[in-house]
Amino acid sequence: MDRALIDSYKRFLDEGKTERECVSRTVELARAKGFVELCEKDSLQAGDRVYFVNRDKSLALFVIGRNRLEDGMNILGAHIDSPRLDLKMRPLFEKEGIVYLNTHYYGGIKKYQWVTMPLAIHGVVFRKDGTAALVEIGEDEEDTALCISDILPHIAQEQMKLSAGEFIKGEELDLVVGLTPEGKEDEKDRGRNAIMAILKERYDIDEDDFLSAELEVVPAGRARDMGLDRSMVLAYGQDDRVCAYTSLRAIIDMESVPERTACCLLVDKEEIGSVGATGMDSLLLENITAEVLAKCGEKDAISIRRCLRNSYMLSSDVNSAYDPQHADLYDRANSSALSGGVVFSKYTGSRGKGGASDADPEFIAKLRKVLDENKVRFQMAELAKVDVGGGGTIAKYCAWYGMEVIDCGVAVLSMHAPFEITSAEDITSAYECYRAFLTL
Ligand code: MN
Ligand code: MN
């Protein structure tokens, strides 16, 4: 196990709790390893290291190879968005003495897991003049804490009869941010006003500025080693920053000039279907690749088609780790063990592989060879038993170009929970796997 890698991974998680934070941290790490912004270069040669930031929420990094780009790239693609609660457009309200911020959850969550724990707000608010306030509340232990309340067990008889999907409703996920102050009883909204005055003081924003904001409510606290043996990592947002970080490190740690151009793609919105201009179901990859091709002097209209079709890709995303406490949900032989090595999934999807991207066996054979040559431990797994459920990743949007793509990432226990569990061994394997892949 690579302890230095694990420690730097935990730091990346602490510094990147939103997509925007991940992008800016990534840019810092890449620049420190000799990457420059694509627009700083007029033309590109083998060995050049460049990155392209897309709307501050997704980005791509490239190490230009010796071969023509038309011959294809080796692409590592991960997502940097994670399940969370987003503040609504008009979030602030006050109800009988308590002031709240209203949220709309993002991605697949078990709503009951998000109450009665310290939460933090991270994000950005744009004022009408175009200037931005970077917001972070409740993260630092010295700072004040934020939380969503729940009812006490003594009077929860009716609540406890409801199914887990119902007993905390989406509309009840309101963050407690203050109490209505005493005095000035005739002043309307005096609790709201008091909270807005604090936000004005702290960030110079007005209530209307919430209209142009991206404020994300995430679990407060740092990533930590887990277990008496420190064999695991406990942290928020490991789906999919565990693969994003190891992919990023694989490309920035490249020392020699590769045959095929290496690319690391970190995208947004995977958790809600890869939608929008910063998600994978867009022209993002195609547009960025076209820019790179032009600077490499490959300007034929057909070049972009050939480049993407001839590419290899690891859709670097997490898998559901086998959980002995819920063994009946898994087919043991086809599930991923914690510390069993990096996980490949030939296909994802659910109920008869619906919505899956299914990798070609020719490609898998090629990967097995390079993994064995580099002594990388790996396992092959599905998310769970047939018909138990399932999910998708960014793989299918890349397969659309005709490239070879397979899902490959780290096994996670309690995936999508506020704090997720991974194995330090597996994180190390993923890094080694991604490094080996880039030499394909
Ligand atoms: Mn994921
Ligand atoms: Mn996910």
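No hydrogens, no waters, no symmetry mates; every other heavy atom, side chains included, goes into these values.
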Please tabulate, one pair per line, all N/O donor-acceptor pairs under 3.5 Å involving side-chain atoms of residues 323-330, not counting sequence neighbours.
from : atom 1 : to   : atom 2 : distance (Å)
D323 : OD1    : Q325 : N      : 2.9
Y330 : OH     : S320 : OG     : 3.2
Y330 : OH     : A321 : O      : 3.1

Quick one: side chains of residues 348-364, donor-acceptor pairs under 3.5 Å with protein atoms, not counting sequence neighbours, listed by atom name and distance.
from : atom 1 : to   : atom 2 : distance (Å)
K353 : NZ     : D358 : OD2    : 3.1
D358 : OD1    : K346 : NZ     : 2.6

Residues 408-423 side chain polar contacts: donor-acceptor under 3.5 Å, at least two apart:
from : atom 1 : to   : atom 2 : distance (Å)
H416 : ND1    : G108 : O      : 2.7
H416 : NE2    : D239 : OD2    : 2.9
H416 : NE2    : E271 : OE1    : 3.2
H416 : NE2    : E271 : OE2    : 3.3
E420 : OE1    : Q238 : N      : 2.8
E420 : OE1    : D239 : N      : 2.9
E420 : OE2    : H416 : N      : 2.6
T422 : OG1    : Q238 : OE1    : 2.7
S423 : OG     : S339 : OG     : 2.8
S423 : OG     : E425 : N      : 3.2
S423 : OG     : D426 : N      : 3.1

Could you give the side-chain donor-acceptor pairs of residues 61-68 under 3.5 Å, partners two or more places apart or in another chain?
from : atom 1 : to  : atom 2 : distance (Å)
R68  : NH2    : E70 : OE1    : 3.2
R68  : NH2    : E70 : OE2    : 3.3

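Neither side chain, Y51 nor T26, offers a donor N or O lying under 3.5 Å from an acceptor on the other. When only modelled atom types and interatomic distance are considered, S315 and D317 share no side-chain donor-acceptor pair under 3.5 Å. Inspection of the S345 and N319 side chains reveals an N or O donor paired with an N or O acceptor under 3.5 Å. Side-chain contact of T116 with D150: a donor-acceptor pair under 3.5 Å is absent, judged by distance alone. Of the N and O atoms on the side chains of D268 and T278, at least one donor lies less than 3.5 Å from an acceptor on the other residue. Between the side chains of Y434 and R249, no donor-acceptor pair is found at a separation under 3.5 Å.
Salt bridge annotation for K41-D48: present, with a cationic side-chain nitrogen under 4.0 angstrom from a carboxylate oxygen. No salt bridge links R377 with E432; every basic N to acidic carboxylate O contact stays at or beyond 4.0 Å. Between K111 and E171 no salt bridge is recorded (no basic side-chain N to carboxylate O distance below 4.0 Å). Residues E37 and R31 are not paired through a salt bridge, judged by the lack of any N-O separation under 4.0 Å between the basic side chain and the carboxylate. Between R3 and D225 a salt bridge is recorded (basic side-chain N to carboxylate O distance below 4.0 Å). Between D14 and R11 there is no salt bridge, since none of the side-chain N atoms of the basic residue sits less than 4.0 Å from a carboxylate O of the acidic one. By the 4.0 Å N-to-carboxylate-O rule, D209 lies too far from R127 to be salt-bridged with it. With salt bridges taken as basic N to acidic carboxylate O contacts below 4.0 Å, one links E19 and R84.
In this structure, I80 CD1 and K17 NZ are separated by 16.0 Å, a value rounded to the nearest 0.5 Å. For the atom pair NZ (K366) and NZ (K369), the distance works out to 10.5 Å, reported to the nearest 0.5 Å. Annotation: the span from I75 atom CD1 to E404 atom CD amounts to 12.0 Å, rounded to 0.5 Å. Rounded to the nearest 0.5 angstrom, M73 CE and L265 CG are separated by 8.5 Å. To the nearest 0.5 Å, the span separating CZ on F378 from CG on L371 amounts to 5.5 Å. Note: R241 CZ to D81 CG = 7.5 Å, rounded to the nearest 0.5 Å.
Checking D407, V342, L367 one by one against L314, the side-chain contact (heavy atoms from CB on, under 4.5 Å) holds for a single residue, L367. Among the candidates E172, Q159, M160, the single residue satisfying the side-chain contact (heavy atoms from CB on, under 4.5 Å) test with F167 is Q159. None of D174, L173, V217, V176 except one satisfies the side-chain contact (heavy atoms from CB on, under 4.5 Å) rule with I148; the exception is L173. With respect to M313, the side-chain contact (heavy atoms from CB on, under 4.5 Å) criterion is satisfied by exactly one of I406, I394, L308: I394.
Within 6.0 Å of the NZ atom in K375, the count of heavy atoms belonging to other residues, nucleotides or ligands does not exceed 12. Environment of NZ in K385: crowded, with over 12 heavy atoms of neighbouring residues, nucleotides or ligands closer than 6.0 Å. Open room surrounds CE on M89; 12 or fewer heavy atoms of other groups in view lie less than 6.0 Å from it.
Within the 4.5 Å cutoff, the side chain of T103 has no heavy atoms near those of the D86 side chain. Side chains of F437 and N74 form a contact here, defined as non-hydrogen atoms less than 4.5 Å apart.
Residues satisfying the side chain to side chain contact (heavy atoms under 4.5 Å, CB included) criterion with R435, sequence neighbours excluded, are A250, D253, Y431. The side chain to side chain contact (heavy atoms under 4.5 Å, CB included) check on D42 picks up nothing, with sequence neighbours excluded.
The cationic atom of R25 (NZ for Lys, CZ for Arg) does not lie both less than 6.0 Å from the six-membered ring centre of F12 and within 45° of the ring axis. A cation-pi arrangement is absent between R309 and Y401, since the terminal nitrogen or guanidinium carbon is not both under 6.0 Å from the aromatic centre and inside a 45° cone about the axis.
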Problem set entry | Stepwise side-chain hydrogen bond (donor to acceptor under 3.5 Å, both in side chains) check, S163 with E166 | CA-CA 5 Å; S163 73; E166 286 172 295; 2.8 Å; yes
